[in-house]
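Lettering of chains follows the sequences in order, A, B, ..., and the numbering in each one begins at 1.
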Amino acid sequence: MDILHKDFYTQPTLDLARSLLGCQLIKETDEGTASGYIVETEAYMGPRDRAAHSFNNLRTKRTEVMFGPAGYVYTYVMHTHCLVNVVSGYTGDPEAVLIRAVEPVTGVDLMYKRRGDKKEKDLTNGPGKLTKALGIIKDDYGGSLDTPPLYITSGYQPDNISQGERIGIGNSGEARTYPWRFWVTGNKFVSR
DNA sequence: CGAGAGATCCTCT
DNA sequence: GAGGATCTCTCGT
């Protein structure tokens, strides 16, 4: 498995969201290494996407990394959870891809230890779950995705990819209906 | 099994 | 001081 280089991320955000499916997301910590294949993503299109944190080019300390070049980590704390995004778009375009679900590959024992004794599919089938299973924390914010401790490699080629409306953004007007969610068709680790 | 509410924390107004 | 790109448990059927 080869680490994906920065040029991989410099494709249109919707293409990147599709391309990331099947790639392997890896996190190294003191406790060990855990990784999974990405099976579900959502694209957030910055200025023209009411559901994005960077809507209307809102530039703050939190969204700052999205204005930089593609291939960096954008983490966001939500209630008791942490969510992870891949920064996309050219420098100046605040776009990102949210990773919503992964399929466990390595470090499964570690995931059980972090998540508790659950069914395997409940380890990583949601954006807040996978970050806890892999040990991704807000301190990963701003890191580069082609170097440890958090990085992405090539994985497998999904048989079929599905596309549909995003999830969990009810107050976003018509942006709610944009078909910017992608997942591996039939994969049991997809969140819905 | 579907609906609903609480958890609990960071960011921006 | 409000609210959010969520998760989990509880309650009622």
Side-chain angles (χ1 to χ4, degrees), chain A residues 9 13-14 16-18 20-21 25 27 34 36 38-68 70 72-89 93-104 110-143 145 150 152 162-184 187-192:
Chain A
Y9 299 96
T13 297
L14 291 176
L16 180 63
R18 212 173 348 236
L20 282 170
L21 295 176
L25 179 67
K27 175 66 195 276
I38 297 170
V39 296
E40 184 179 3
T41 61
E42 280 181 6
Y44 284 85
M45 302 295 282
R48 57 200 179 86
D49 181 1
R50 184 171 290 277
H53 294 149
S54 53
F55 175 65
N56 206 21
N57 276 313
L58 180 65
R59 185 167 190 155
T60 65
K61 189 171 57 177
R62 183 180 66 169
T63 62
E64 181 65 33
V65 70
M66 284 195 277
F67 287 84
Y72 287 83
V73 182
Y74 172 46
T75 53
Y76 167 63
V77 176
M78 173 65 171
H79 289 72
T80 59
H81 305 283
C82 179
L83 281 57
V84 63
N85 299 249
V86 174
V87 174
S88 176
D93 292 331
E95 302 177 353
V97 177
L98 168 67
I99 298 177
R100 288 195 56 87
V102 304
E103 173 179 346
L110 188 53
M111 295 190 202
Y112 275 109
K113 182 178 159 192
R114 286 165 171 158
R115 291 276 300 137
D117 190 16
K118 303 177 183 306
K119 289 184 242 172
E120 186 187 26
K121 84 173 181 62
D122 288 324
L123 288 174
T124 56
N125 65 339
K129 298 178 188 178
L130 76 90
T131 53
K132 190 164 187 183
L134 295 184
I136 296 170
I137 55 177
K138 73 174 178 15
D139 287 350
D140 288 309
Y141 179 98
L145 280 167
L150 181 61
I152 295 176
S162 298
Q163 182 172 3
E165 294 180 10
R166 291 176 294 180
I167 291 175
I169 51 173
N171 285 350
S172 304
E174 68 172 20
R176 186 185 39 165
T177 65
Y178 297 164
W180 289 347
R181 172 174 171 249
F182 302 88
W183 67 96
V184 177
N187 189 287
K188 68 175 182 176
F189 293 96
V190 171
S191 63
R192 299 207 176 160

Undergrad: Looking only at side-chain atoms of A:Thr60, point me to the closest of C:dA5, B:dT11, C:dT6.
TA: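 Taking heavy atoms from C-beta onward, the closest nucleotide is B:dT11.
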
Undergrad: Please give, in whole Å, the distance from C:dT6 P to A:Tyr76 OH?
TA: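 My rounded result for the distance is 9 Å.
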
Undergrad: Paired with C:dG1: which nucleotide, if any, by Watson-Crick or G-U wobble criteria at under 3.5 Å for both distances?
TA: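 Across all strands, the one nucleotide that pairs with C:dG1 is B:dC12.
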
Undergrad: Scan A:Tyr141 against the nucleic acid and name what it touches under 4.0 Å (heavy atoms): base, sugar-phosphate only, or nothing.
TA: nothing

Undergrad: Look at A:Arg59 and B:dC12 and indicate whether a side-chain polar atom (N or O) is within less than 4.0 Å of OP1 or OP2.
TA: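 Negative; the distance criterion is not met.
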
Undergrad: Please report, rounded to the nearest Å, how far the C1' atom of C:dC7 is from the CE atom of A:Met78.
TA: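 Going from CE in A:Met78 over to C1' in C:dC7 covers 10 Å.
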
Undergrad: Go through C:dA5, B:dC12, B:dA7 for me and flag the one nearest to the A:Thr80 side chain.
TA: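 Of the options given, the side chain of A:Thr80 lies nearest B:dA7.
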
Undergrad: Does C:dT8 have OP1 or OP2 under 4.0 Å away from a side-chain N or O of A:Lys129?
TA: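 Yes, A:Lys129 has a side-chain N/O under 4.0 Å of OP1/OP2 on C:dT8.
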
Undergrad: Between A:Arg181 and A:Glu165, is the closest basic N to carboxylate O distance under 4.0 Å?
TA: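 No.
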
Undergrad: Side chain to side chain donor-acceptor pair (under 3.5 Å) with A:Arg114: which residues, sequence neighbours excluded?
TA: A:Thr29, A:Glu31

Undergrad: Any cation-pi pair here, A:Arg166 with A:Tyr44, using under 6.0 Å and within 45°?
TA: yes

Undergrad: Are A:Tyr76 and A:His53 close enough that their ring centers fall under 6.0 Å?
TA: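 Yes; A:His53 has its ring centre under 6.0 Å from that of A:Tyr76.
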
Undergrad: Grab the CD1-P distance between A:Ile137 and B:dC10 for me, whole Å please.
TA: 13 Å

Undergrad: OP1, OP2 of C:dA5 versus side-chain N and O of A:His53: anything below 4.0 Å?
TA: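 For C:dA5, OP1/OP2 do have a side-chain N/O of A:His53 under 4.0 Å.
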
Undergrad: Give the rounded distance in Å between these two atoms: CG of A:Leu130 and P of C:dC7.
TA: 9 Å

Undergrad: Figure out the CZ/P separation between A:Arg100 and C:dC7, and round it to whole Å.
TA: 7 Å

Undergrad: Select one nucleotide: of B:dC10, C:dG4, C:dC7, the one nearest the side-chain heavy atoms of A:Lys138.
TA: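 Among B:dC10, C:dG4, C:dC7, the one nearest the side chain of A:Lys138 is B:dC10.
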
Undergrad: Rounded to whole angstroms, how far apart are NE2 on A:His79 and C1' on C:dC7?
TA: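 Answer to the nearest Å: 10 Å.
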
Undergrad: Without decimals, in angstroms, what is the distance between A:His81 NE2 and B:dG6 P?
TA: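 Rounded to the whole Å, the gap is 16 Å.
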
Undergrad: Let's see if you can work this out: which of C:dA5, C:dC7, C:dT8 has an atom nearest to the side-chain heavy atoms of A:Leu98?
TA: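 Closest nucleotide to the A:Leu98 side chain: C:dA5.
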
Undergrad: To the nearest Å, how far apart are A:Asp122 CG and C:dT6 P?
TA: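 Roughly 17 Å, once rounded to whole Å.
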
Undergrad: Select base, sugar-phosphate, or nothing to describe what A:Arg181 touches, counting heavy atoms under 4.0 Å on all strands.
TA: nothing

Undergrad: Count the heavy atoms of every other residue, nucleotide or ligand shown that sit under 6.0 Å from CZ of A:Arg59, and state whether that count exceeds 12.
TA: yes

